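Inspection log for the structure reproduced underneath, given as structure tokens.
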2 protein chains.
Amino acid sequence: MLYLVGLGLADETDITVRGLEVVKKAERVYLEAYTSILLVEKEKLEAFYGRPVIVADRELVESGSDDILAGADKADVAFLVVGDPFGATTHTDLVLRARELGIETKNIPNASIMSGIGCTGLQLYNFGQTVSMVFFTETWKPSSFYDRIKENAQIGLHTLVLLDIKVKEQSLENMARGRKIYEPPRYMTVAQCASQMLEIEEERQEGVYTPDSLAVGAARVGAPDQKLVAGTLKELSEVEMGKPLHSLVLLGKRVHDLERDYIREFALDKAAFDANWAKSYASS
Amino acid sequence: MLYLVGLGLADETDITVRGLEVVKKAERVYLEAYTSILLVEKEKLEAFYGRPVIVADRELVESGSDDILAGADKADVAFLVVGDPFGATTHTDLVLRARELGIETKNIPNASIMSGIGCTGLQLYNFGQTVSMVFFTETWKPSSFYDRIKENAQIGLHTLVLLDIKVKEQSLENMARGRKIYEPPRYMTVAQCASQMLEIEEERQEGVYTPDSLAVGAARVGAPDQKLVAGTLKELSEVEMGKPLHSLVLLGKRVHDLERDYIREFALDKAAFDANWAKSYASS
């Protein structure tokens, strides 16, 4: 049996009791470690599980899935995923491969950022499609997120923006020379996301949002030091939220007063927030 | 401190290790038991936690929140919610009241149906806003869900439909006579949801979907006997999915071949599924 086990969002104690039982009994335990991260080291997980953990990078999962699945028709293999196994990054391809090999699979759900973002007090019912924001370079500034946000905004919905992480990336030079030297990991911040959003609005000029549009920044959702801020995109483009992981929600106009009451508590500037709300968001 | 603790989706073992630690130490433990249910009895939870659990019905949460919060400025109170505390039903009002009373709150996230539905293999990125389906009566057939689905469908997105549950409801006669006698609980099935959807399309005739539109029915997500089926709304209106809770996803047209490959596995009629897909969903 292949078990896909969600680890939740923050640290080793966010695994479910059901998931922990599976991990303790599995013959091999893999940790998917390239699309998201827990806020603790692998060693801490191993100590908590009482088991060795094999880190599965992108190469292993995408090209070496048969190694992961080896023997899983007879013994149990656990594949650990930060968040939920079918959340922000889905592992449907691994399950499809297991099916081809006649291996049964079971899924152990857990908190995903796709639902955990509800901790902002914004109603999950009022979210449209989720978008991703990648690190811009000088020459590559993909803006398809803008079209998706536009679709959400036109029907008044919030948009969750998931922020890029870069782990185990090679520089172009090291890649060209075949040197397996990796750059330090990078995690996009709320400030950088807000800046990139404003840069694209500046370029496209379709008025999907403005520097005064309200948004919520979230850092380390579910962790004891979780941090939430509410403010304009302009304000958020300068905010300091601390350690990763960060996410951002752009508010839609179909927003409820209860949502306002909830997020006002962590507004960067309450007077500005109130003025902005009254101008552009107040329910008619 | 008021802790809002997510219980996940299926049984007592779906609580997180972090959540279980909180429950074991809290002075009082409440279980919110009117917007969703676990698939186990309260007694099983109490045995697992080693603690008494107070069932909080709608009346207690909505009118008696100060009883729940009593003393939470000094001692720890745990408020348990099936799924995630800010998932399908949010408890922002309880947190707002705690804030007014100067009581700190902490949230322990868990799997919610809003992300757990990813187990269908449909990408959460491709979902629009979530809708609710209530039990129709002879005289009351609210159809606002139809307008929301229409908005999602116009941009090609999937729609998660959450199905009504009725627990601790009084008949009109018992209510009129002030008798605290409650009807047996009722949980909407996938079949009933699909039928009601078709009934409203029949009435509104806007072509948002048809009897041939593809959908996925999900029962007991996250439980060992989780069941998924894919088929047309017509097929789903006759399907038998077993015990609660059920959910339904109406497919959007902006659907990926990987999603097709995943859900085809549990299609009620694979030949019909393929024909339907080729006709209306195949990517251009």
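In what follows, every chain begins at residue 1, and chains take the letters A, B, ... in the order their sequences are listed. From a predicted model like this one, the values you see are computed outputs, not experimental measurements.
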Given that the side chain runs from C-beta out, which part of [X] has a heavy atom under 4.5 Å from chain A: side chain, backbone, both or neither?
X: B/Leu124; result: both
X: B/Leu162; result: side chain
X: B/Arg254; result: side chain
X: B/Pro85; result: neither
X: B/Tyr125; result: both

Considering only heavy atoms and a distance below 4.5 Å, find which of [options] pairs most often with chain A.
options: B/Lys106, B/Glu259, B/Glu151, B/Gln123; value: B/Glu151
options: B/Ile113, B/Val95, B/Leu9, B/Leu20; value: B/Val95
options: B/Leu96, B/Leu4, B/Asn107; value: B/Leu96
options: B/Asn126, B/Leu122, B/Val221, B/Asp14; value: B/Asp14
options: B/Gly116, B/Cys119, B/Gly8; value: B/Cys119

Winner by heavy-atom pair count (cut-off under 4.5 Å) against chain B, out of A/Gln154, A/Arg148, A/His91, A/Glu12
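Heavy-atom pairs under 4.5 Å are most numerous for A/Arg148.
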
Side-chain touch B/Arg97/B/Leu101, heavy atoms, less than 4.5 angstrom
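A side-chain contact under 4.5 Å exists here.
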
Salt bridge flag under 4.0 Å for residues [X] and [Y]:
X: B/Asp11; Y: B/Lys44; value: no
X: A/Lys24; Y: A/Glu21; value: no
X: A/Arg260; Y: A/Asp257; value: yes

If I take atom CZ from residue A/Arg220 and atom CG from residue A/Leu228, how far apart are they, to the nearest 0.5 angstrom?
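Rounded to the nearest 0.5 Å, the CZ-CG separation comes to 10.0 Å.
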
Using modelled atom types only, decide if a donor and an acceptor are shared between the side chain of B/Lys227 and the backbone of B/Ala218 within a distance under 3.5 Å.
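The answer is no, because no donor-acceptor pair under 3.5 Å joins these two groups.
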
Aromatic contact, B/Phe273 with B/Phe266 (centres under 6.0 Å):
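Ring centres of B/Phe266 and B/Phe273 not closer than 6.0 Å.
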
Please walk me through it: do A/Asp84 and B/Ser115 pass side chain to side chain donor-acceptor pair (under 3.5 Å)?
CA-CA 8 Å; A/Asp84 183 274; B/Ser115 55; 5.2 Å; no

